[in-house]
Amino acid sequence: MTKVITRFAPSPTGTLHIGGVRTALFNYVYAKQNDGLFLVRIEDTDKDRSTKEFEKNILDSLSSIGLSPDKEPINQSERNDIYVAAAEKIIASGKGYWCDCSKETLDEMRKDQEAAGKKPMYDGRSRNLGLERSENTVLRLATPEDGEIVVKDLIRGEVMFQNSELDDLILLRSDGTPTYHLCNVVDDYEQNVSTVIRGEDHLSNTPRQIHIQNALGYPSLEYAHLPLVLGPDKKRLSKRHAATSLEEYKAEGYLDSAILNTLGRLGWSKGDQEVFYMKDLIKNFNIHEVQKAGAIFDITKLDWLNSQHLSNLNLEDFKNHLIPFLEEISIDINDHFNTDALINAMKSSSNTLQGIATELRPYFLDVENYDQKAISKFIDDKGMQILNDLLDILSKLTQWDENNLDHALKSYQTENNYSVPQVNQPIRIALTGSTKSPSLGLTLYLVGQKNSLDRLTKLINSLS
RNA sequence: GUCCCGUUCGUCUAGAGGCCUAGGACACCGGGUUUUCAUCCCGGCAACAGGGGUUCGACUCCCCUACGGGAUGCCA
């Protein structure tokens with residue numbers, strides 16, 4: 001049995017797209033579970049749209065999320081000779097021909113065909129002209145006119161295409177550069193790729209590429225065409241719908257493992273299991289089980305999975321993941337006197353690391369804004385009285401710990417016959433600006449005595 | 001237009017002819033726990049696109065229609 005080699009072949013015309021990550025993931029997992037190799041190839045034959053910046057973004061993004069290739073990525077732009085040699089081979093074999101149709105001619109032909117209700121395609125008019133290569137000729141593949149091509153797809157089974165539906169595609173442009181189809185086929189062969197796992201949008205390209213393989217005498221490949229990742233309107237996911245770049249999701253505080261989990265679970269499932277780590281995917285993923293229909297990318301599922309992955313992190317790892325997000329808002333985690341207690345108390349306060357970092361602000365920085373609704377609801381004259389009373393009580397407290405604080409609050413509340421929220425909410429507002437926080441004794445402890453007293457004073461002053 | 005692929009709850013999916021009173025998860029709604037928020041627990045809502053076959057029996061097989069997507073580039 002031949003070694004399984006898969007490849008992810010992005011063109012560097014944009015940052016790494018979340019759909020691309022999924023394609024890369026499936027390629028990666030399929031390779032790993034078959035003890036094979038995962039390769040990356042940069043398809044930068046479009047000089048106008050490809051940039052080095054995008055290429056770097058894609059490569060960095062892939063390795064940052066753990067989908068590193070097993071060999072150094074190759075660039076098609078540096079392999080021109082190889083493609084030209086392949087083209088020469090096709091010319092020599094008589095399976096290609098030169099065509100001098102101008103773009104205008106082609107456009108006109110297409111228009112006529114469309115008007116006649118036909119599929120627009122090159123009609124092969126130059127095929128038997130015996131044209132020589134010249135400045136404005138392109139090399140076309142002489143595609144068989146009869147018969148059919150059967151694409152054996154791991155996900156879709158056998159898909160049949162009539163050769164009569166296919167036109168003679170361009171292999172070499174008039175400037176002599178090779179086109180996508182040629183490069184793609186040649187590189188898959190040169191890189192010993194065994195299995196092509198790519199988006200469904202390439203399914204109808206496949207018979208064309210098989211013809212190139214045949215013309216070149218290459219062995220056939222295994223294919224798997226993945227359903228597309230869609231936006232809520234069922235069109236392929238784009239910037240219109242949501243963030244599409246991997247880096248944006250990472251910047252929002254989604255864990256790599258949660259992103260991969262979400263993407264892996266999009267179009268594939270295993271029993272009732274929802275949480276998968278890479279090792280689970282490698283163990284359980286089965287390409288034959290991949291769904292055929294496109295799947296809508298649902299951010300709420302990502303949110304939930306992120307919270308699951310976050311809660312599976314031990315304290316140390318959690319902290320390390322969180323630190324960059326705190327730094328982002330100029331918070332140094334070491335400025336707190338008990339980070340472990342703080343983080344334990346706050347780790348489920350949001351689904352994302354960025355969200356958690358934001359929730360952590362009051363434990364490092366002064367409160368700038370108060371929830372006005374909460375103030376009007378909880379702080380009336382009696383609320384002011386309570387704030388003043390507690391400022392007094394708390395400033396006299398010698399043992400500033402959770403238990404003591406809870407006791408102090410409780411006895412004040414019962415002695416004065418107040419309800420619990422009546423006492424606690426005003427303090428919460430003073431400490432955090434809102435009514436959201438861990439249990440109050442713990443919150444007071446985490447904010448610290450001096451800060452707590454200062455904030456009580458500040459709120460009292462601002463309201464009197 | 002033509003070719004190709006597809007169609008189960010709002011979303012991701014389970015379902016390989018009787019196990020389906022169509023299961024799970026997310027979301028949503030309700031309840032409980034929590035002094036608040038979040039977590040957590042319990043409960044609820046909610047789908048086989050439509051029509052024909054085949055069969056004793058169809059979500060499952062076949063055909064048609066509808067709808068969606070993709071491809072139809074000297075882009076990849």
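Chain letters run A, B, ... following the sequence lines, proteins first and then strands; every chain starts at 1.
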Rounded distance in Å between the P positions of U39(B) and C28(B): 10 Å
P-based separation of A66(B) from A25(B) [nearest Å]: 38 Å
NZ or CZ of Arg140(A) within 45° of Tyr122(A) ring axis and under 6.0 Å: yes
Contact under 4.0 Å: Ser437(A) side-chain N or O vs C37(B) OP1/OP2: no
Side chains of Ser411(A) and Thr414(A), donor plus acceptor under 3.5 Å: no
Whole-angstrom distance between G70(B) and G57(B), as gauged at atom C1': 37 Å
Separation of C3(B) P from Ile149(A) CD1 (nearest whole Å): 18 Å
Sugar-phosphate only, base, or nothing, as touched by Leu228(A) at under 4.0 Å among non-hydrogen atoms: sugar-phosphate
Whole-Å P distance, G69(B) and G32(B): 45 Å
Touch class at under 4.0 angstrom, heavy-atom based, for Thr262(A) against every strand present: nothing
Any donor-acceptor N/O pair under 3.5 Å between C74(B) base and Ser174(A) side chain: yes
Contacts of Thr179(A) that satisfy side-chain hydrogen bond (donor to acceptor under 3.5 Å, both in side chains) - sequence neighbours left out: none
P gap between C61(B) and U7(B), integer Å: 10 Å
G73(B) OP1/OP2 closer than 4.0 Å to side-chain N/O of Arg49(A): no
Along RNA chain B (nearest heavy atom to each residue), the more 5'-positioned of Gly267(A) and Thr137(A): Gly267(A)
Whole-Å distance separating the CZ atom of Phe54(A) from the C1' atom of A76(B): 14 Å
Residue closer to the 5' end of RNA chain B, His181(A) versus Ser349(A) (nearest nucleotide): Ser349(A)
Nearest listed nucleotide, side chain of His202(A), among A14(B), U36(B), A76(B): A76(B)
U2(B): pairing nucleotide in any strand, Watson-Crick or G-U under 3.5 angstrom: A71(B)
Reference residue Arg7(A); test side-chain hydrogen bond (donor to acceptor under 3.5 Å, both in side chains); the match among Asp188(A), Asn27(A), Asp187(A): Asp188(A)
Interatomic distance, Leu182(A) CG vs G73(B) P [rounded to whole Å]: 18 Å
Gap between atoms CZ and P, on Arg22(A) and C12(B) respectively (whole Å): 11 Å
Sugar-phosphate, base or nothing in reach of Pro207(A), heavy atoms under 4.0 Å: nothing
Test of ring centre spacing under 6.0 Å for Phe297(A) and Tyr249(A): yes
Close aromatic pair by centroid cut-off 6.0 Å: Phe26(A) and Phe285(A): yes
side-chain hydrogen bond (donor to acceptor under 3.5 Å, both in side chains) partner of Arg198(A), the single match among Thr23(A), Thr206(A), Asn205(A): Thr206(A)
Shortest non-hydrogen contact from Leu456(A) toward Ile427(A): CD2-CG2, 4.3 Å
Between P of A16(B) and NE2 of His288(A), the distance in whole Å: 18 Å
Sugar-phosphate, base or nothing in reach of Cys99(A), heavy atoms under 4.0 Å: nothing
Least distance between heavy atoms, Trp268(A) atom then Val290(A) atom: CD1-N, 4.2 Å
Pair Tyr277(A) + His309(A): ring centers closer than 6.0 Å: yes
Smallest separation among heavy atoms of Leu442(A) and Ala345(A), with atom names: CD2-CB, 3.7 Å
Nearest-nucleotide pick for Ile170(A), side chain only, options being A14(B), C74(B), U36(B): C74(B)
Candidates C12(B), C74(B), A76(B) - which lies nearest the side chain of Arg110(A): C74(B)
Among U13(B), U36(B), C74(B), the one nearest Thr435(A) by side-chain distance: U36(B)
Distance in angstrom units between Phe297(A) CZ and G69(B) C1', rounded: 19 Å
Integer angstrom distance from the C1' of C4(B) to that of G18(B): 35 Å
P atoms of G1(B) and A16(B), separation to the nearest Å: 37 Å
Pairing partner (Watson-Crick or G-U wobble, both distances under 3.5 angstrom) of U7(B): A66(B)
Lys347(A) to Phe318(A) six-membered ring, cation-pi geometry met (6.0 Å, 45°): yes
Side-chain donor/acceptor of Ser348(A) to base of A38(B), under 3.5 Å: yes
Sugar-phosphate only, base, or nothing, as touched by Pro120(A) at under 4.0 Å among non-hydrogen atoms: base
Protein proximity profile, nucleotides 21-28 of chain B - base contact B, sugar-phosphate-only contact S, no contact -, cut-off 4.0 Å on heavy atoms: ---BBSS-
Nucleotide opposite A38(B) in a Watson-Crick or G-U pair, distances under 3.5 Å: none
Under 3.5 Å donor-acceptor pair, Asn205(A) side-chain atoms to A76(B) base atoms: yes
Whole-Å gap separating C1' (G68(B)) and CD1 (Ile296(A)): 10 Å
Atom pairs, protein N/O to nucleotides 5-9 of chain B N/O, distance under 3.5 Å:
from: C5(B); atom 1: O2'; to: Arg156(A); atom 2: NH1; distance (Å): 2.4
from: C5(B); atom 1: O2'; to: Glu200(A); atom 2: OE2; distance (Å): 3.0

Thr179(A) side-chain N/O to C74(B) phosphate OP1/OP2 under 4.0 Å: no
Touch class at under 4.0 angstrom, heavy-atom based, for Leu440(A) against every strand present: base
Polar contact flag, side-chain donor to acceptor under 3.5 angstrom, Glu43(A)-Asn75(A): no
Length of the line joining Ile58(A):CD1 and A76(B):P, which is rounded to integer Å: 15 Å
Nearest-angstrom distance, C1' atom, C29(B) to G68(B): 30 Å
